[in-house]
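Model, not experiment: these values are computed from the prediction. Residue numbering restarts at 1 for every chain, and letters A, B, ... go by the order of the sequence lines.
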2 protein chains.
Amino acid sequence: MGRYRVGLETRERILVATRDLLGEVGIEGVTLKAITDRAGVGAGSFYNLFETKEQAVLEVVREAIAAVDPDPSGVGRESLADLVEAFVRFITGEASGIARIYLQLAASGLTDERMARRVLRSHRRRVERFRDAIAREHPGTGAEEAEARAEAILAALTGFAITWFIDPRFDFAAHAARLLQPR
Amino acid sequence: MGRYRVGLETRERILVATRDLLGEVGIEGVTLKAITDRAGVGAGSFYNLFETKEQAVLEVVREAIAAVDPDPSGVGRESLADLVEAFVRFITGEASGIARIYLQLAASGLTDERMARRVLRSHRRRVERFRDAIAREHPGTGAEEAEARAEAILAALTGFAITWFIDPRFDFAAHAARLLQPR
DNA sequence: TTCATCTTGTAGTATCCACTCAAGGTAACG
DNA sequence: CGTTACCTTGAGTGGATACTACAAGATGAA
């Protein structure tokens, strides 16, 4: 089915509206009316461009999962501190709406098998990057030990992120920085 | 409002039905009709005994958490290991279906103000218990230091729980145990 | 300009949901 | 037994939801 230019533009507006709403009201809270109101289109337009509401939501969610991966340009050289800092920036920076979507999904949304696999894959990739950074900085560390530390740091960062979203007074950066110091 | 014995029995049947359903179909699948059908009561009975559906769900979750509490009476002798173990039991034990619901509810605090306040309050209480246990075991630790460690351990446990739900092969108990050892 | 094709808004439809209400039934107690 | 409270039923209410039908308008290739 060929698309006119106006159609593709409308599609983009709908996706932007969906992304914003997902961050604000959560996956459960997103209704068709909310999307179409915010995008400034009628329901007919929406269904001309998407099969179902779920299709639009999944398209945004896929983006969110991909966005969690830190900038790939540093692979192989980045330090653990770089990775932690990138995570903090991702959560507290401009993309925090996307981050919120990802956390919701990871913590609760995974009834969908394919999405669960996608999230797991991205988690694995992240653990590997953290693990490699640890191994580079502490060459004596065993591979298993490095991976376990990577899992622990990522888990703590995830937990901190949730706390920060729920309690804006929580000093996310400071707690994250502590993860880098020995006890 | 006094309750008759039959009323309290019906209340118990409703809670059992709710607990089973939460484990089987998740929070989305739990409808009032599903609960009342399974409990074998009419909607009117339900609302004679509970204010809202949410109340019944929250009561089930609260019960599940209380069931693993290492120090239900609040004596204050629980160790950090006890607390960590209780968390692990809650997540991986029989009530793991309910634990999933608990995580979902916590995640809904990311977008729902009312739920955020609720989650924050219980988070605070838990941090205090972890902090006090740490302070008892390491009397030299400063209050701030102990609280920061408590936050970190809880955040890591939460993160591990999420990982475990996404990846059943993840060894939650082993990773949790590592949190108790110095690096 | 023509016209097939796409786009748009609106006014639905069907379905589901939490929750209410009123009236009759039952428990507790003196 | 009589009285007061609580319990139970289930049809019904109001509101929200995703999605559709359709007529009218816009687009763009020839």
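A salt bridge is absent between A/R89 and A/D71: the closest approach of a Lys/Arg side-chain nitrogen to an acidic carboxylate oxygen does not fall below 4.0 angstrom. Ion pair A/R38/A/E24 flagged as a salt bridge, since at least one NZ, NE, NH1 or NH2 atom sits closer than 4.0 Å to an Asp/Glu carboxylate oxygen. Salt-bridge check for B/E59 with B/R11: passed, with a basic side-chain N closer than 4.0 Å to an acidic carboxylate O.
If you take CG of A/L32 and P of C/dT10, they are 15 Å apart, rounded to a whole angstrom. Rounded to an integer number of Å, the gap from A/E9 CD to C/dT8 C1' is 14 Å. In this structure, CZ of A/R13 is placed 12 Å from P of C/dT7, rounded to the nearest angstrom. Between the CZ atom of B/R11 and the C1' atom of D/dC6 there is a distance of 15 Å, rounded to whole Å. Protein atom NZ of B/K33 is 13 Å distant from nucleotide atom C1' of C/dA18, rounded to whole Å. Regarding B/R5, its CZ atom lies at a distance of 15 Å from the P atom of C/dT26, rounded to whole Å.
Of all the residues in residues 34-60 of chain B, B/A43, B/G44, B/Y47, B/T52, B/K53 reach under 4.0 Å from DNA chain C with at least one non-hydrogen atom.
Residue A/T10 places at least one side-chain N or O under 4.0 Å from the OP1 or OP2 atom of C/dT8.
B/D82 and B/S79 share a donor-acceptor pair across their side chains, judged by distance under 3.5 Å alone. Residues B/S96 and B/R100 have side chains that never bring a donor and an acceptor to within less than 3.5 angstrom of each other.
Minimum heavy-atom separation, B/L80 to B/I153: CD2-CD1, 3.8 Å.
The base of C/dT5 sits with one of its N or O atoms less than 3.5 Å from a complementary donor or acceptor on the side chain of A/Y4.
By the criterion of side-chain heavy atoms lying less than 4.5 angstrom apart, applied directly or through intervening Ile, Leu, Val, Met, Phe, Trp or Tyr residues, A/I14 is not grouped with A/V6; the two fall into different hydrophobic clusters.
Sequence order on DNA chain C of the closest nucleotides to B/T31 and B/V6 puts B/T31 first from the 5' end.
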Pairing pattern in dot-bracket form [Watson-Crick, G-U; both distances under 3.5 Å; | = partner strand] for DNA chain D: ||||||||||||||||||||||||||||||

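A donor-acceptor contact shorter than 3.5 Å is absent between the side chain of A/R13 and the backbone of A/V41.
Relative orientation of the A/F170 and A/H175 rings is parallel, given thresholds of 30° and 60° on the angle between their planes.
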